[in-house]
Amino acid sequence: MKVEGKVAMVTGGARGIGKAICAGLLEEGAKGVCIVDNRTAEGQGTASELCAKHGENRAIYVNTDVTADDQFEAAFVKTKDQYGRLDIVINNAAIVDLVNYRRMVDVNLTAVITGTMLALKYMGKCHGFDGGIVVNVSSIGGLAAIANLLFRF
Ligand SMILES: NC(=O)c1ccc[n+]([C@@H]2O[C@H](COP(=O)([O-])OP(=O)(O)OC[C@H]3O[C@@H](n4cnc5c(N)ncnc54)[C@H](O)[C@@H]3O)[C@@H](O)[C@H]2O)c1
């Protein structure tokens, strides 16, 4: 898809792969990127860094726990208020926490489904919008069994 002029939301965009995705989208000419994360300092820092490089307001940070449905939906509303549209949703936020595994499933699976459903609600042609792209980031571990993986933690 052509990224130029499009607006994206990236969960887990404060650092790591999500931050690199945000930078890549802006380099390809995206109109704006909304960083959705729960690391306030890192998220604000990333947004400032991207704005310094690509222009004022090209990136915004919305402090959000993606497992809190009301916060997550508010981030969609904020993105559309800020940029007037939404075209790309990248569900990238994840944690590794084998002790608190329920939380891990909430972040890595349930919130990805929530993000996909919200993407439909805020971009879907069935809701009168232009449609868009949803990218759900996973791992090779989601596709193939890795023997003894648990013992590595
Ligand atoms: N790094 C790797 O080698 C690797 C390998 C396979 C898959 N992946 C996938 O790539 C994606 C990014 O991984 P990464 O290595 O950049 O991870 P990371 O830990 O560097 O970044 C994850 C981001 O998600 C955010 N996050 C976590 N829980 C959140 C929540 N409840 N609400 C909002 N934000 C939350 C974190 O604050 C962080 O900024 C993940 O989906 C991961 O499964 C990474």
Side-chain angles (χ1 to χ4, degrees), residues 1 3 6-28 30-55 57-83 85-124 132-153:
M1 109 182 258
V3 167
K6 300 287 197 290
V7 174
M9 168 189 285
V10 182
T11 73
R15 69 177 195 181
I17 292 170
K19 179 178 176 180
I21 291 171
C22 292
L25 288 166
L26 290 174
E27 271 153 32
E28 291 296 317
K31 176 181 176 186
V33 168
C34 178
I35 299 164
V36 170
D37 209 293
N38 60 355
R39 289 178 187 268
T40 308
E42 269 180 276
Q44 287 172 341
T46 297
S48 302
E49 201 182 300
L50 292 173
C51 287
K53 186 164 180 197
H54 297 283
N57 296 327
R58 294 280 301 286
I60 56 168
Y61 172 71
V62 181
N63 191 57
T64 306
D65 180 342
V66 292
T67 67
D69 294 358
D70 55 340
Q71 290 181 28
F72 204 177
E73 181 154 11
F76 278 78
V77 173
K78 170 75 183 163
T79 306
K80 293 195 83 165
D81 283 351
Q82 176 78 26
Y83 295 114
R85 57 184 298 119
L86 179 61
D87 308 284
I88 304 166
V89 173
I90 303 186
N91 290 302
N92 162 81
I95 57 169
V96 177
D97 187 345
L98 292 175
V99 175
N100 193 357
Y101 60 88
R102 288 180 197 279
R103 171 79 181 162
M104 187 166 69
V105 171
D106 281 348
V107 175
N108 297 5
L109 176 61
T110 312
V112 171
I113 298 169
T114 305
T116 304
M117 299 306 282
L118 287 169
L120 269 178
K121 182 174 174 182
Y122 286 91
M123 305 193 303
I133 299 282
V134 178
V135 178
N136 292 333
V137 179
S138 184
S139 159
I140 191 70
L143 297 174
I146 302 173
N148 299 327
L149 181 65
L150 284 178
F151 298 113
R152 298 182 190 181
F153 290 93

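In listed order, ligands and their atoms are each counted from 1.
- For Tyr122, the side-chain hydrogen bond (donor to acceptor under 3.5 Å, both in side chains) partners two or more places apart in sequence, or in a different chain, are Glu73.
- Closest to atom 21 (O) of ligand 1, if we only count protein heavy atoms, is Arg15 NE, 3.7 Å.
- Heavy-atom proximity to Ile95, at under 4.0 Å, picks out these atoms of ligand 1: 27 (C), 28 (N).
- Contact of the Glu49 side chain with the Lys19 side chain is registered, since non-hydrogen atoms from C-beta on lie closer than 4.5 Å.
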Exercise for review: Walk me through it: do Leu25 and Ile90 pass the test side chain to side chain contact (heavy atoms under 4.5 Å, CB included)?
Suggested key: CA-CA 11 Å; Leu25 288 166; Ile90 303 186; 4.2 Å; yes

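- For the 3.5 Å distance criterion, the side chains of Asn63 and Thr40 qualify, holding a donor opposite an acceptor.
- In terms of modelled atom types and a separation under 3.5 Å, the side chain of Gln71 and the main chain of Asp65 share a donor-acceptor contact.
- Atoms of ligand 1 found under 4.0 Å from any heavy atom of Ser139 (numbered from 1 in listed order, with element): 6 (C), 7 (C).
- Asp37 OD1, 2.6 Å is the protein heavy atom nearest to atom 37 (O) of ligand 1.
- In terms of protein heavy-atom proximity, atom 12 (C) of ligand 1 is closest to Asn92 OD1, 3.2 Å.
- Only backbone heavy atoms of Ser138 (N, CA, C or O) come within less than 4.0 Å of ligand 1; its side chain stays farther off.
- Ligand 1 is approached by Val107 to a heavy-atom distance shorter than 4.0 Å.
- For the pair Arg103 and ligand 1, a heavy-atom separation below 4.0 Å is found.
- Looking at ligand 1, you won't find any N or O of Ala14 less than 3.5 Å from one of its N or O atoms.
- Atom 5 (C) of ligand 1 is not flagged as protein-proximal [any protein heavy atom, distance under 4.0 Å].
- Taking 4.5 Å as the limit, every side-chain heavy atom of Ile60 sits out of range of all side-chain heavy atoms of Ile35.
- Taking a distance limit of 4.0 Å, we find that atom 17 (O) of ligand 1 is approached by no protein heavy atom.
- Of the listed options Asn63, Asp106, Asn38, Asn38 places a heavy atom closest to atom 30 (C) of ligand 1.
- When heavy-atom distances to ligand 1 are checked against a 4.0 Å cut-off, Lys19 has no atom that comes that close, whether in backbone or side chain.
- Listed for the Asp87 side chain is no donor-acceptor partner under 3.5 Å among the backbone atoms of Lys6.
- Between Ile17 and ligand 1, at least one N/O pair is under 3.5 Å apart.
- The distance from ligand 1 to the heavy atoms of Asp65 drops below 4.0 Å at these ligand atoms: 30 (C), 31 (N), 32 (N).
- The closest side-chain heavy-atom distance from Ile133 to Val135 is below 4.5 Å.
- Here Thr64 has backbone heavy atoms under 4.0 Å from ligand 1, and that is the only part of it that gets that close.
- Remark: ligand 1 and Thr67 share no N or O pair separated by less than 3.5 Å (distance only, no angle test).
- With respect to atom 42 (C) of ligand 1, the closest heavy atom belonging to the protein is Ala94 CB, 4.0 Å.
- Close approach to Val137 involves these atoms of ligand 1, each under 4.0 Å from a residue heavy atom: 9 (C), 10 (O), 11 (C), 41 (O).
- The distance from ligand 1 to the heavy atoms of Gly16 drops below 4.0 Å at these ligand atoms: 16 (O), 20 (O).
- The shortest heavy-atom contact between Asp37 and Gly13 is OD2-N, 3.3 Å.
- No hydrogens or angles considered: a donor-acceptor pair under 3.5 Å links the side chains of Asn136 and Asn91.
- A side-chain donor-acceptor contact under 3.5 Å links Thr11 to the backbone of Ala93.
- Between the side chains of Thr79 and Arg85, no donor N or O sits under 3.5 Å from an acceptor N or O.
- Taking atom 32 (N) of ligand 1 as the reference point, the nearest protein heavy-atom neighbour is Val66 N, 3.0 Å.
- Closest to atom 24 (O) of ligand 1, if we only count protein heavy atoms, is Gly12 CA, 3.3 Å.
- In terms of modelled atom types and a separation under 3.5 Å, the side chain of Asn108 and the main chain of Ala94 share no donor-acceptor contact.
- Put simply, the side chain of Tyr83 gets close to the backbone of Arg58: a donor and an acceptor are under 3.5 Å apart.
- Short contacts between ligand 1 and Ala93, defined as distances under 4.0 Å to a heavy atom of the residue, involve ligand atoms 24 (O), 26 (N), 34 (N), 35 (C).
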